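One structure is given here, and the rest of the page talks about it.
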Amino acid sequence: MNEPIKYPVGRADFESIISEGFLYVDKSERMYEMIGSRKFVFLSRPRRFGKSLLVNTLQAYFEGKKELFEGLKISEYEKDWVQYPVITLDMSAVKDIEIDKMSSAISVQLERYENQYSIPIDKDASNGARFYRLIQTIKSKTKRNVVILIDEYDAPLNAHLHDGNLKLVKSKLQEVYQQLKVCEKDERFVFITGISRFSQVSIFSTLNNLADISMLDKFSDICGITHEELNDYFHDGIQNLADKFHCTYDEMIAKMEYKYDSYHFSEFSPAMFNPTSVLSAINDEKLDNYWFRTATSSYIIDHLKKHHADIPHLVPKKLYADDFSVSPEDVDSLWPVLFQAGYLTIKGYDPESEMYTLDYPNNEVRIGMMQNMMYFYYPQNFSSGKASMKDFYFALRDGNIDESMAALKDFMSQIPNILNNKEEKHFQTILYVLFTWLGFYTETEVNTATGRIDVVIKNAKNIFVLELKVDGSADDALAQINSKNYPIAYKYDGREVVKIGVNISSDGDVRTITEWKVEN
């Protein structure tokens, strides 16, 4: 009997993955190409996409741990296996530290290497001075250039992106990062990874030879799982999933593509699966929203709020190549930040205009984005809102319109008053976020030959055409649907069209649906 495959869910320690017999998707050939072609490298990828594992694999390689790479692609190319001194800084350990204690948290990481190489610790020196001396002394003692790996370099920056402390945080990190350029002649290889591209601003301004490989086709698959890798490494696990769901292997692949696939990090990038979601789904034998649970970030919601994002019309969005290099601090950074964080990805590229089209990569991320927004609308009583929405979902799915609208009325009445205003667009956004989160195909402000429909919801059986009135009447809303003959746009669809006129009160004591009228 074959031993069960061990999936490294939540593991980023390359040595333990290999030595303890966990499955490892071999990225060593791509890693070897990266090391051979550049000395200073920056890679941006979303959270939970394998960056830390890549950093850890680089560490094992440069420490000369040849035995860990037996049978991997890199063993066919590397013959020397030179052992270099390696300094690894994990800046995610600093992100949740109070500002005045941030320098001490960085100091702890430097102190580990000072002790390792018997370097006297000068508590009065700045972290920048200590980092400089650390590199110089290690080079002097080992007679080898130093490898420096910085993981999640931007974690403290993103944590303070919108609280007014960003400049102070940058200064604390900058004094450390600037030593990379100063010590260039003493360094063998420098690898920096994170989510955002603060590398384009002052924090790495002196490191002018830093190669950003984030959007190069050659390295687009250095993190994540390709279709080929999914079949090669996960065939048995996928078959187990298929058996559990009573479907074929190919049907399960299609389900996983819909839920976890289609990240593209360059114009000709292969479609990439999210590794956290794939590993968790196969290990748990369950198709769940794993990435959202582990990778959602509050700074994304703050960024959406700051830029007054029009959620129903957020995508598709077209950008030029230069637009991706915008720092999160800049006013035009909304879409680049969402792309870097993994909420959007490249869905198309036009070589003639050199324009990229961004959209949600898959259903897991789309639902995750909407749930993020639900937390914004329901900061305190989200569980109560979910209960109302469960009633709404099943009632609408089963065609019980009055029951579904009653549940929707209850849901909207629980939204904090401070979030409400008197604009119809505000209510459209709430409904769009809600319906999309529940899994319904939803559009707002749908243009037709006769006018513009406020909200359209589609499921397998019906198309629901909603017209909203704020402080008006449901009769007026329904009359507009009929006078404009909105259903004619779906004449050849084949599904039954349900017309719903809805009135919403903006009164602070009501602020929800007051009435609705329905016609098939």
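When a residue number appears, it is its place in the shown sequence, counting from 1. For clarity, every value in this text was computed on a predicted model and none was experimentally measured.
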Taking atom CG as the centre, does Asn447 end up with more than 12 heavy-atom neighbours from other residues, nucleotides or ligands that are less than 6.0 angstrom away?
yes
Within a strict 4.5 Å, meaning less than it, do heavy atoms of the Leu173 and Pro156 side chains meet?
yes
Counting N and O atoms only, with roles assigned by atom type, does the side chain of Thr226 sit under 3.5 Å from a partner on the main chain of Glu229, one being a donor and the other an acceptor?
yes
Would you say the ring centers of Phe265 and Phe49 fall short of 6.0 Å from each other?
yes
Looking at His235 versus Tyr249, is the centre-to-centre ring distance below 6.0 Å?
yes
Would you say Lys286 has more than 12 foreign heavy atoms packed within less than 6.0 Å of its NZ?
no
CA sep, side-chain torsions, deciding dist, call: Phe392, Phe435, ring pair (Phe, Tyr, Trp, His ring centres under 6.0 Å):
CA-CA 10 Å; Phe392 172 86; Phe435 298 151; 5.3 Å; yes
Test item: Lys170 side-chain N/O and Leu157 main-chain N/O as donor-acceptor pair under 3.5 Å:
no
Can you label the angle between the Phe440 ring and the Tyr393 ring as parallel, tilted or perpendicular, going by 30° and 60°?
tilted
Would you check if the side chain of Gln109 reaches a backbone N or O of Asp90 as a donor-acceptor pair within less than 3.5 Å?
yes
Specify whether His227 and Phe273 have parallel, tilted or perpendicular ring planes, treating 30° as the upper limit for parallel and 60° as the lower limit for perpendicular.
tilted
ring-ring contact (aromatic ring centres under 6.0 Å, His included) with Tyr349: which residues, sequence neighbours excluded?
Phe268, Tyr356
Consider only side-chain N and O atoms of Asp217 and Ser269, and report whether a donor and an acceptor are under 3.5 Å apart.
no
Is the Tyr7-Phe22 ring centre distance short of 6.0 angstrom?
no
With no hydrogens and no angle check, is any side-chain donor or acceptor of Lys39 less than 3.5 Å from a backbone partner on Asn209?
no
All heavy atoms of Pro270 vs all of Asp221, minimum pair found to be CG-CB, 4.3 Å
Lys6 side chain reached by Ile17 side chain, heavy atoms, under 4.5 Å:
no
Indicate whether the side chain of Ser277 and that of Glu364 have a donor and an acceptor atom separated by less than 3.5 Å.
yes
Indicate yes or no for a side-chain donor-acceptor contact from Asn127 to the backbone of Ser103 under 3.5 Å, with no hydrogens or angles considered.
yes
Treating Tyr260 as the side-chain partner and Lys255 as the backbone partner, does any N or O pair qualify as donor plus acceptor under 3.5 Å?
no
Relative to each other, are the rings of Phe191 and Phe189 parallel, tilted or perpendicular (30° and 60° limits)?
parallel
Under 3.5 Å, is there a donor-acceptor pair linking the side chains of Thr88 and Gln59?
yes
When you check the side-chain N and O atoms of Asp350 and Ser353, is any donor under 3.5 Å from an acceptor?
yes
Thr193 and Val55, any side-chain heavy atoms less than 4.5 Å apart:
yes
Criterion side chain to side chain donor-acceptor pair (under 3.5 Å) against Lys259, the qualifying member of Asn289, Asp288, Asn274:
Asn289
Side chain of Asn56, backbone of Phe14: donor and acceptor closer than 3.5 Å?
yes
Residue pair Lys73 / Ser28, side-chain donor-acceptor N/O under 3.5 Å:
no
Evaluate the side-chain proximity of Tyr233 to Tyr24: yes if any heavy-atom separation is below 4.5 Å, no if none is.
no
To the nearest 0.5 Å, atom CD of Glu29 lies from atom CE of Met34 at 13.0 Å
Face-on cation placement of Arg366 at Tyr360 ring, 6.0 Å and 45° thresholds:
no
Would you please indicate yes or no on a ring centroid separation below 6.0 angstrom for Tyr177 and Phe131?
no
Contact check, side chains of Ile195 and Arg45, non-hydrogen atoms, under 4.5 Å:
no
Donor-acceptor contact below 3.5 Å, side chain Ser333 vs main chain Val326:
no
Check for me whether the distance between the ring centres of Tyr343 and Trp335 falls short of 6.0 Å.
no
Between Lys172 and Val94, is any pair of side-chain heavy atoms under 4.5 Å apart?
no
Is there a side-chain contact between Arg130 and Val176 in this structure, where contact means two heavy atoms from C-beta onward sitting under 4.5 Å apart?
no
What I'd like to find out is whether the side chain of Glu187 reaches to under 4.5 Å of the side chain of Ile148, using heavy atoms alone.
yes
Check the side chains of Ser52 and Asp151 for a donor-acceptor pair under 3.5 angstrom, ignoring hydrogens and angles.
yes
Test item: Trp437 side-chain N/O and Tyr432 main-chain N/O as donor-acceptor pair under 3.5 Å
no
Under 3.5 Å donor-acceptor, Asp454 side chain and Leu468 backbone
yes
